[in-house]
Amino acid sequence: MSLLEVQGLTASYGSSQALFGVDLTVAEGEVTALMGRNGMGKSTTVKAICRLIRASGGLRMRGQDLHPLASHNVARLGVGLVPEGRRCFADLTVHENLIAAARPGDWTFQRVAELFPRLEERASQRAMSLSGGEQQMLAIGRALMTNPRLLILDEATEGLAPIVRQEIWAAIRRLKQETGVAILLIDKSLKELSSVCDRAVILERGTTVWSGGMTQLSAQTTERYLGV
Amino acid sequence: MRMNETWVNALVLLGLVAVPGWALMVDEPFTITLATRAAILALAAVGLNIVLGIGGLVSFGHALFFGLGGYAMGILAFHAQTYSALDLGFIQIEGSTSMPVIWLVAMGVSALVAAVIGILTLRTSGVYFIMITLAFAQMFYYFAISWAQYGGEDGLSIYVRNGFPGLNTLAPIQFFGICFVVLCLVLLLNARVQASPFGLALNAARQSATRVEAVGLDPIKLRLVAFVLSGAITGLAGALFADLNRFVSPSMFSWTLSGELIVLIIIGGVGRLMGPVIGACIFVGLEHFLGGLTDFWHIYLGAILLCIVLFGRGGVIGLLTGKEGAHV
């Protein structure tokens, strides 16, 4: 049974429809890339999965329909979101950001600090004083503190320095190898996605136009739908 | 010069004890009463600071809980002193002149009303929340005015201050001691709450409810718990205030009192542990010293408030420590 099943998902912002039928599945322990050009509905799909916007269509997590649930209950079901633009709790320290999100499970402050040693060094600093990369690490750590079964990373490396991007990708690889948490990744770096992801789903104008194994993704397909 | 906040907090509490201590030595009981008034107003504002400072909810109706605490004390003491039972229809309750019993009732009633109001109001935000909380307080204000059994508009006098085991509560310094210890215990509780996962999550919900939901927390529930806790503390302060004056009246429910509690917190420092205490001391000091000079002392209070809002967003404690307060 798939961990996450999305079938024919549609969503609108007011009178403007953004999703016209998204299909995707994520299996336990699998890393899936959600790809597409800007404005094709990747972040909207993530918001719909997390019930941050209204949507209709099939939306199930471990067989449970997500539509009747409030967004905090979706998170409690095991969906950990690292939102686009990081969005840490600016007034709280690094340690407080992580403790505020903590739920019972394997992930503790020490374990997050082991994954991102910089966070331990900055533990007593307010999130607002961190660099962009450190804020991103904190956002990932905060999502991990909820002990998710599915971690969703929305543009986790966007706008970061190359060296910091490498740290984030290294952390994602460690998560894949050591934890078995399923990951849904949105990112623009096809090279990095190819090296980490098992599967890929491509969106075009709010619709799934391609899905399959990462190794099956041809140059023709990426050029057609991603422009690379 | 920037000061360490822990030192500032310690100095404030030391100052609040030193003033009545000095007044006792020079036989100035009125000064002790002023310090007691400051401690009680600080306690009420500490309660409000949980929802305002940590939770970011501008409750403009916290006088409701202050009044409920006051009337809980007044009604229980009235029935005890007149040897009559309080008839609730389905049950008759004896009055009480025991402070601990009165405090429990005051906190219980305030918490219960806060829970009901919280459930009804916490789905709103901003100006709607301000107006709804104000409306509830005004409802109770007008109800108290028309409640002839307990004095109506004239209020209700209690002739003897209620008792506390082992203490003479009529001695101003001993009653101050009770209020000060209660204030310190509530400050300790507040500090623990602020540092707890609940307090951190409440703080996070003030910054972004959506992000808090994304980590599996329900911001409405967090705010409801904070609102109930806040109401109970402010209710306790109301019971002590009524005991200080040995009098309760509808003015304890008035919107001006709700406004004054907000002003105290802004002056002292929003969301800061000792902000309400500093604000209450400044407020009572100005009320006494400037009030003796002119009836229009609120103008000076307004000027101070204006300066703090414009130039010192962290309040007095923010100016002393160099840190801004919570962004509400």
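These figures come from a predicted structure and were not determined experimentally. Each chain gets a letter, A, B and so on, in the order the sequences are listed, and its residues count up from 1.
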Taking atom [atom1] as the centre, does [X] end up with more than 12 heavy-atom neighbours from other residues, nucleotides or ligands that are less than 6.0 angstrom away?
X	atom1	answer
B:Arg123	CZ	no
B:Tyr128	OH	no
A:Arg54	CZ	no
B:Arg192	CZ	no

How close do [X] and [Y] get, counting heavy atoms only, and between which atoms?
X	Y	answer
A:Asp91	B:Gln207	N-OE1, 2.9 Å
A:Ala75	B:Ala214	CB-O, 3.5 Å
B:Leu217	A:Ala100	CD1-O, 3.3 Å

- A:Glu96, A:Arg51, A:Met145: which one forms the most heavy-atom pairs within less than 4.5 Å of chain B?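 Top option by heavy-atom pairs under 4.5 Å: A:Glu96.
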- Derivation and outcome, side-chain contact (heavy atoms from CB on, under 4.5 Å), residues A:Val74 and B:Glu213: CA-CA 9 Å; A:Val74 172; B:Glu213 286 197 83; over 6 Å; no
Report the distance from atom [atom1] of [X] to atom [atom2] of [Y], rounding to the nearest 0.5 Å.
X	Y	atom1	atom2	value
A:Asn73	B:Asp218	CG	CG	7.5 Å
B:Asn203	A:Leu92	CG	CG	4.5 Å
B:Arg211	A:Ser71	CZ	OG	13.5 Å

- In terms of heavy-atom proximity below 4.5 Å to chain B, should A:Ala101 be classed as side chain, backbone, both, or neither? both
- What part of A:Arg103 lies closer than 4.5 angstrom to a heavy atom of chain B: side chain, backbone, both or neither?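 The answer is the side chain of A:Arg103.
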- Item | Verdict with supporting geometry, B:Leu200 and A:Phe89, side-chain contact (heavy atoms from CB on, under 4.5 Å) | CA-CA 10 Å; B:Leu200 296 173; A:Phe89 300 122; over 6 Å; no
- Item | Derivation of the side-chain contact (heavy atoms from CB on, under 4.5 Å) call for A:Arg142 and B:Val215 | CA-CA 8 Å; A:Arg142 188 179 62 189; B:Val215 295; 4.0 Å; yes
